[in-house]
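All values below were derived from every heavy atom in this structure, side-chain atoms included, with hydrogens, water molecules and symmetry-related copies excluded.
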Amino acid sequence: QVQLVESGGGLVQAGGSLRLSCATSGRAVNPYAMAWFRHIPGKERDFVSGISWSGGETYYADSVKGRFTVSRDNAKNLMYLQMTSLKPEDTAVYYCAARPYVSGSHDAHEYEFWGQGTQVTVSS
């Protein structure tokens, strides 16, 4: 089993920045692609950003392109999401996810492992 733990969420004013981290531990499943999703109560869980096993391929939702940057450090078993120019509509619970493939996916159903989520709140 692979465990994922998010951290770095919090309350920030509009226009501010946050960096989320996702730590991976447990049974080694290599290679694995990873992604960030976010969820607002009453809505679907939305894809935010993804990254391939090597980090050479990154993917972004149109709503965050140019503002968010995903990266990973496989030596440290960490994935990051640097969020800048935050907007109130970015408020959500952010989840990291992993799938045992080289390449990522925008589809939440294709991810096998999930963290518990971290709350990001952006005030106007």
Side-chain angles (χ1 to χ4, degrees):
Q1 191 73 358
V2 174
Q3 288 83 44
L4 304 177
V5 179
E6 304 93 338
S7 61
L11 173 64
V12 64
Q13 288 188 329
S17 300
L18 281 175
R19 188 177 81 157
L20 304 183
S21 298
C22 176
T24 305
S25 62
R27 179 173 64 93
V29 180
N30 297 327
Y32 57 93
M34 300 187 73
W36 291 96
F37 289 80
R38 63 188 181 188
H39 181 240
I40 300 171
K43 296 189 176 182
E44 295 283 328
R45 187 171 295 192
D46 290 331
F47 172 81
V48 175
S49 181
I51 188 166
S52 63
W53 163 244
S54 69
E57 297 176 8
T58 57
Y59 325 93
Y60 297 95
D62 288 342
S63 59
V64 306
K65 278 181 182 176
R67 299 188 299 123
F68 291 10
T69 304
V70 64
S71 61
R72 67 188 295 169
D73 183 340
N74 288 345
K76 296 181 178 179
N77 295 323
L78 288 168
M79 176 179 66
Y80 305 99
L81 185 68
Q82 180 67 50
M83 306 186 294
T84 63
S85 302
L86 282 161
K87 305 175 181 179
E89 50 263 45
D90 294 318
T91 295
V93 178
Y94 284 70
Y95 296 88
C96 66
R99 58 184 244 130
Y101 296 94
V102 171
S103 296
S105 169
H106 292 64
D107 187 347
H109 295 95
E110 296 191 6
Y111 287 84
E112 184 175 344
F113 306 107
W114 291 84
Q116 293 300 306
T118 186
Q119 176 71 47
V120 171
T121 303
V122 184
S123 63
S124 57

Distance col, row Glu6:CD vs Cys96:SG, nearest 0.5 angstrom, shows 4.0 Å
Across all chains, not counting sequence neighbours, the ring-ring contact (aromatic ring centres under 6.0 Å, His included) partners of Tyr111 are Phe37
Would you kindly confirm whether Val93 and Leu81 end up in one hydrophobic cluster when ILVMFWY residues are joined by side chain heavy atoms under 4.5 Å apart? no
Checklist entry - When you check the gap from the basic side-chain N to the acidic O, do Asp90 and Lys87 get nearer than 4.0 Å? => result no
Using side-chain heavy atoms (C-beta onward) and a distance below 4.5 Å, is Val64 in contact with Arg38? yes
Gln119 and Ala92 have their tightest heavy-atom pair at NE2-O, 3.4 Å
Taken in chain and number order and not counting sequence neighbours, the residues that satisfy salt bridge (charged side-chain N to carboxylate O under 4.0 Å, His left out) with Glu110 are Arg99
Apart from Ile40 itself, its cluster of hydrophobic side chains linked below 4.5 Å comprises none
Using a 3.5 Å cut-off and no angle test, enumerate the donor-acceptor pairs between side-chain atoms of residues 13-24 and protein atoms at least two apart in sequence or in another chain.
none

Contacts of Asp107 meeting salt bridge (charged side-chain N to carboxylate O under 4.0 Å, His left out) (sequence neighbours excluded), chain-then-number -> none
Do other residues, nucleotides or ligands put more than 12 heavy atoms under 6.0 Å from Glu89 CD? yes
Closest non-hydrogen contact found for Asp73 with Tyr80 is CB-CE1, 4.4 Å
Atom OH of residue position Tyr101 - does it have more than 12 heavy atoms of other residues, nucleotides or ligands inside 6.0 Å?
no
*Regarding Glu57 and Tyr59, is there a side-chain donor-to-acceptor distance under 3.5 Å anywhere?*
yes
| task | State yes or no: do Trp53 and Trp36 share one hydrophobic cluster built from I, L, V, M, F, W and Y residues joined by side-chain heavy-atom distances below 4.5 Å, directly or via other members? | result | yes
Exercise for the section: Measure the shortest side-chain to side-chain distance between Leu4 and Met34 over non-hydrogen atoms and say whether it is less than 4.5 angstrom. Expected result: yes
Check your understanding: Less than 4.5 Å apart, any side-chain heavy atom of Glu112 and any of Pro100?
Key -> yes
Applying side-chain contact (heavy atoms from CB on, under 4.5 Å) to Thr58 and not counting sequence neighbours gives Ile51, Tyr60, Val70
Closest heavy-atom pair, Tyr32 versus Asn77, reported as atoms and distance to 0.1 Å, is OH-OD1, 3.9 Å
Minimal heavy-atom distance between Gln3 and Gly26, with the atoms involved, is OE1-CA, 3.4 Å
Nearest heavy-atom contact between Ala35 and Met79 is O-CE, 3.5 Å
field: Heavy-atom donor-acceptor pair, Asn74 side chain to Ser54 backbone, under 3.5 Å
entry: no
Q: Check for a donor-acceptor pair, side chain of Ser52 on one end and backbone N or O of Gly104 on the other, with a separation under 3.5 Å.
A: no
For Pro31 and Val102, the nearest pair of non-hydrogen atoms, with its separation, is CG-CG2, 3.5 Å
* To do: Return yes if some donor-acceptor pair links the side-chain N/O of Arg67 with the main-chain N/O of Ser85 below 3.5 Å, else return no.
  => yes
Give the ring-plane orientation class for Tyr95 versus Trp114, where under 30° counts as parallel, over 60° as perpendicular and anything between as tilted. perpendicular
